[in-house]
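The structure under discussion appears below in the form of structure tokens.
Remember, predicted model here, so these are calculated numbers, not experimental data.
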Amino acid sequence: MLNRKDIVSTFSTNGIKRHLAVDTLGFPFFTHCTKANVSDDKGLIEMLTKNIGYFQSKPVNIPKITILLDHGYHPEYLREELEKVYPQMMTKIRFEFSAKPSKQEKKDQGKSGEGSGCSEVDH
């Protein structure tokens, strides 16, 4: 599991938001469902909290897990809330903003930029 990039995506349909963390091959790592009106920040916090044992068992001498966030997330809020659950959380993970794709890059990829939040997790 080390040195592995994971993608965290949020999809909302029929009043249900699905928060998914998958590795670069598309295999599920973490999943979590919420009501569609739950913010992406809150959904990510819930998903990580639900899997807190993974982070608690991660040795501190292994590099931090980098979670790449899109610009819709609020890293300071995430940090504060996760440290309430597990005070040593930020010794195991760190947040970075991913590069924001241009409108042309989105168009080239066939994406409108609506309907899903996305972030990456790098182990």
Side-chain angles (χ1 to χ4, degrees):
M1 287 189 189
L2 301 176
N3 299 320
R4 182 169 95 174
K5 279 192 176 180
D6 296 323
I7 308 295
V8 178
S9 296
T10 305
F11 301 93
S12 180
T13 57
N14 299 325
I16 299 171
K17 191 178 282 186
R18 294 161 188 86
H19 306 270
L20 309 168
V22 298
D23 66 18
T24 54
L25 298 175
F27 294 114
F29 195 66
F30 298 138
T31 62
H32 182 62
C33 292
T34 63
K35 292 181 180 180
N37 65 349
V38 172
S39 73
D40 290 347
D41 284 334
K42 181 107 173 110
L44 179 58
I45 291 165
E46 289 177 7
M47 183 172 64
L48 296 177
T49 299
K50 181 178 156 185
N51 295 285
I52 200 72
Y54 173 82
F55 301 99
Q56 290 171 329
S57 66
K58 183 184 176 301
V60 292
N61 60 337
I62 295 174
K64 289 182 180 183
I65 296 168
T66 300
I67 301 177
L68 296 176
L69 305 171
D70 70 27
H71 293 269
Y73 288 88
H74 304 89
E76 188 58 30
Y77 172 74
L78 293 169
R79 183 194 63 76
E80 290 171 6
E81 295 302 307
L82 289 169
E83 285 182 337
K84 289 177 187 176
V85 176
Y86 177 47
Q88 292 80 31
M89 185 62 132
M90 297 314 293
T91 66
K92 310 289 179 98
I93 66 171
R94 64 189 180 114
F95 297 113
E96 286 183 15
F97 282 115
S98 60
K100 191 171 184 176
S102 69
K103 289 182 181 182
Q104 185 60 46
E105 289 171 321
K106 286 183 183 180
K107 184 179 176 184
D108 292 346
Q109 296 173 358
K111 297 180 182 177
S112 67
E114 299 176 11
S116 70
C118 187
S119 59
E120 286 188 3
V121 179
D122 181 13
H123 297 269

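With contacts defined as side-chain heavy-atom distances shorter than 4.5 Å, the pair Thr34/Met47 does not qualify. His19 has its side chain out of reach of Phe30: every pair of non-hydrogen atoms, C-beta onward, lies at least 4.5 Å apart. Using a 4.5 Å heavy-atom threshold, the side chains of Phe55 and Val85 count as separate. Contact check for Leu48 versus His32: no side-chain heavy atoms found under the 4.5 Å cut-off. With a 4.5 Å cut-off on side-chain heavy atoms, Leu82 and Ile93 count as touching.
Looking at Lys50, its side chain does come within 3.5 Å of a backbone N or O of Thr31 through a donor-acceptor pair. Although no hydrogens or angles enter the test, the distance criterion places no donor-acceptor pair under 3.5 Å between the side chain of His71 and the main chain of Ala99. In this structure, Asn14 contributes its side chain and Ile16 its backbone to no donor-acceptor pair below 3.5 Å. Without hydrogens or angle criteria, Lys92 side chain to Ile65 main chain gives no donor-acceptor distance under 3.5 Å.
Partners of Lys42 under the side-chain contact (heavy atoms from CB on, under 4.5 Å) rule, at least two apart in sequence or in another chain, are Val38, Ser39, Glu46. Applying the salt bridge (Lys or Arg N to Asp or Glu O under 4.0 Å) rule to Lys84 yields the partners Glu81; only residues at least two apart in sequence or on another chain are considered. The ring pair (Phe, Tyr, Trp, His ring centres under 6.0 Å) check on Tyr77 picks up nothing, with sequence neighbours excluded.
Nearest heavy-atom pair across Thr91 and Lys64 is O-CG, 3.6 Å. Lys35 and Lys17 make their closest contact through O-CB, 3.9 Å (heavy atoms, listed as atom of the first residue, atom of the second, distance). Shown here for Leu69 and Pro75, the closest heavy-atom pair between the two residues is CD1-CG, 3.9 Å.
Note that CZ of Arg79 and CZ of Arg94 are 16.0 Å apart. Values are rounded to the nearest 0.5 Å. Distance check, rounded to the nearest 0.5 Å: SG of Cys33 to CG of Leu20 gives 7.5 Å. Atom OH of Tyr86 is separated from atom CD of Gln56 by 5.5 Å, given to the nearest 0.5 angstrom.
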Practice problem: Could you go through the side chain to side chain contact (heavy atoms under 4.5 Å, CB included) check for Leu78 and Ile67 one step at a time? | Solution: CA-CA 11 Å; Leu78 293 169; Ile67 301 177; over 6 Å; no

